[in-house]
Amino acid sequence: MINFQYARAKDVAEAIKMIAADPSARFIAGGTNLVDLMKYDVERPTRLIDISRLPLTEVTETDAGGLRVGALVPNSDLAWHPTVEKRYPIVSSAIQAGASQQLRNMASTGGNLLQRTRCAYFYDVALPCNKREPDSGCSAIDGFSRMHAILGTSKACIATHPSDMCVALAALDAVVHVAGPDGERTIALRDFHRLPGDTPQIDTNLAPNEIITAVELPAKGFAKNYSYLKIRDRLSYAFALISVAAALELDGTKIKDARLALGGVAHKPWRDDAAEAELNGKEATRETFALAADVLLRDAKGYAGNTFKIELSRRAIVRALTQAANGTPQSQSNKQIR
Ligand code: SF4
């Protein structure tokens, strides 16, 4: 770990000014990922800008009937917020599937979006990694790839995005509010994270001099028919091999509106319009769900250690959609897969 300076921003405008003035500075809120990265020498910021006391901790109703979640709302508070539990239970479920209670207490909403991959090679500075050191090579492609991506990969990187919460937010069409020197703008959550391409070192479409101020949930929360199914190597405190956020609006036995997002399979939460088109207007049956899974996985590619994830994803999609259709969402408290 290197020596670094510490400064605290008193408001959003000052935070933007401070980050714009120092490209090697980093914002810190909960620090649940950044501090680890600094200990491992992966991140070497010359300055930490503490944003933990900025007034971004409110959850408020929007005029459009949705919810605006301040970027510094802790993950635990969001998961247990009465309105979120009632109207957006898929978000509560996804958050509770991630990390540990202690980490969820510290981690912020904005920080959850910006957490970095848990590819082991990214954290090992003795080994090549294009994300950590551009053009150094990717150790995972011919290495240990059990946790790695099967969709949207590139020759440069096959890492996955580790968040659970973002998978549910992508399914709901959440929007990210950001602010920078040129003012405020919004980015659709599903466009917030990037595929690796030739520049795996860039995780998101947030500019280096911008700050996340809020995440907005649209009015539609799919509270009746949803499921967040997470498949992992142990039953708690583990990242997803595969996760599925499934949300359905039903008209009798027919699907009126379907949302399907996958975690643990790509460099970003994975949405696929063609797969959702296979669901919309169809009967909510196992056959329909299996067809949608086939469409979503049509370009899936396995590596030495993760080819099993293609079939596992197919089964997880069918199971999550079945749970959603039946109104029997995955329980995060007893972890039983129903
Ligand atoms: Fe680095 Fe990405 Fe390869 Fe992992 S998969 S070693 S993060 S380049």
Side-chain angles (χ1 to χ4, degrees), residues 26-39 50-60 67-118 123 147 160-172 174 176 189 192-193 203-204 212-217 221 223 226-245 261 263-264 268-269 329-336:
R26 293 282 183 277
F27 288 137
I28 186 162
T32 54
N33 188 206
L34 180 59
V35 173
D36 280 347
L37 289 163
M38 289 173 68
K39 285 180 185 167
D50 185 349
I51 56 169
S52 63
R53 299 193 191 179
L54 299 185
L56 302 172
T57 55
E58 300 291 316
V59 178
T60 50
L67 219 54
R68 184 183 166 108
V69 180
L72 291 172
V73 174
N75 287 181
S76 294
D77 290 15
L78 185 59
W80 295 108
H81 192 285
T83 310
V84 176
E85 277 193 292
K86 190 172 167 208
R87 284 170 36 197
Y88 306 96
I90 195 169
V91 174
S92 295
S93 181
I95 293 172
Q96 286 171 35
S100 65
Q101 186 64 58
Q102 291 90 338
L103 287 165
R104 294 192 293 267
N105 288 345
M106 285 301 294
S108 65
T109 300
N112 192 314
L113 269 61
L114 295 174
Q115 62 179 301
R116 308 208 68 188
T117 185
R118 264 44 176 214
Y123 288 74
M147 300 297 292
T160 54
H161 181 66
S163 171
D164 289 292
M165 183 185 82
C166 291
V167 182
L169 295 180
L172 292 180
V176 187
L189 194 286
F192 185 80
H193 301 97
D203 290 345
T204 73
I212 299 173
T213 54
V215 171
E216 185 176 334
L217 300 171
Y226 75 94
S227 189
Y228 186 75
L229 175 63
K230 181 173 179 179
I231 311 287
R232 46 189 150 174
D233 278 335
R234 57 173 186 256
L235 283 179
S236 71
Y237 197 38
F239 292 97
L241 281 166
I242 290 158
S243 67
V244 183
K268 59 185 289 186
Q330 180 63 36
S331 166
Q332 301 301 340
S333 55
N334 61 18
K335 309 275 176 27
Q336 286 176 359

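All residue numbers refer to positions in the sequence shown, counting from 1.
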Engineer: Can Q330 and S93 be counted as having a side-chain donor-acceptor contact under 3.5 angstrom?
Structural biologist: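 No, S93 and Q330 have no side-chain donor paired with an acceptor closer than 3.5 Å.
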Engineer: Without swapping roles, check the side chain of S92 against the backbone of A79 for a donor-acceptor pair under 3.5 Å.
Structural biologist: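 At least one qualifying donor-acceptor pair exists.
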Engineer: Would you please name every residue forming a side-chain hydrogen bond (donor to acceptor under 3.5 Å, both in side chains) with N75, sequence neighbours left out?
Structural biologist: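 So N75 forms a side-chain hydrogen bond (donor to acceptor under 3.5 Å, both in side chains) with N112.
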Engineer: Closer than 3.5 angstrom, by distance alone: can the side chain of T109 be matched with the main-chain N or O of V73 as a donor-acceptor pair?
Structural biologist: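 Flag set: sc T109 to bb V73 pair under 3.5 Å.
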Engineer: Taking all non-hydrogen atoms of both residues, which atom of D50 and which atom of S52 are closest, and how far apart?
Structural biologist: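 That would be OD1-OG, 2.6 Å.
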Engineer: Mind checking whether E216 and V69 have side chains closer than 4.5 Å, heavy atoms only?
Structural biologist: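 No - every pair of side-chain heavy atoms lies 4.5 Å or more apart.
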Engineer: Of all residues at least two apart in sequence or in a different chain, which pass the ring-ring contact (aromatic ring centres under 6.0 Å, His included) check with H193?
Structural biologist: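 In terms of ring-ring contact (aromatic ring centres under 6.0 Å, His included), with neighbours along the sequence ignored, H193 is linked to H161.
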Engineer: Check this for me: E58, atom CD, are more than 12 non-hydrogen atoms of other residues, nucleotides or ligands nearer than 6.0 Å?
Structural biologist: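 12 or below, so no.
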Engineer: Locate the shortest heavy-atom distance separating I90 from A168; write the atom from each residue and the value.
Structural biologist: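 Where I90 meets A168 most closely, the heavy atoms are O-CB, 3.7 Å.
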Engineer: Counting distance only, does the side-chain N/O of Q101 pair as donor-acceptor with the main-chain N or O of S76 below 3.5 Å?
Structural biologist: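 No: the side chain of Q101 does not pair with the backbone of S76.
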Engineer: Quick one: list whatever passes salt bridge (Lys or Arg N to Asp or Glu O under 4.0 Å) with R68, sequence neighbours left out.
Structural biologist: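 If we apply the salt bridge (Lys or Arg N to Asp or Glu O under 4.0 Å) test to R68, skipping adjacent residues, there are no hits.
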Engineer: May I ask you to decide if R232's main-chain N or O and R234's side chain share a donor-acceptor pair within less than 3.5 Å?
Structural biologist: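 Judged by distance alone, no pair lies under 3.5 Å.
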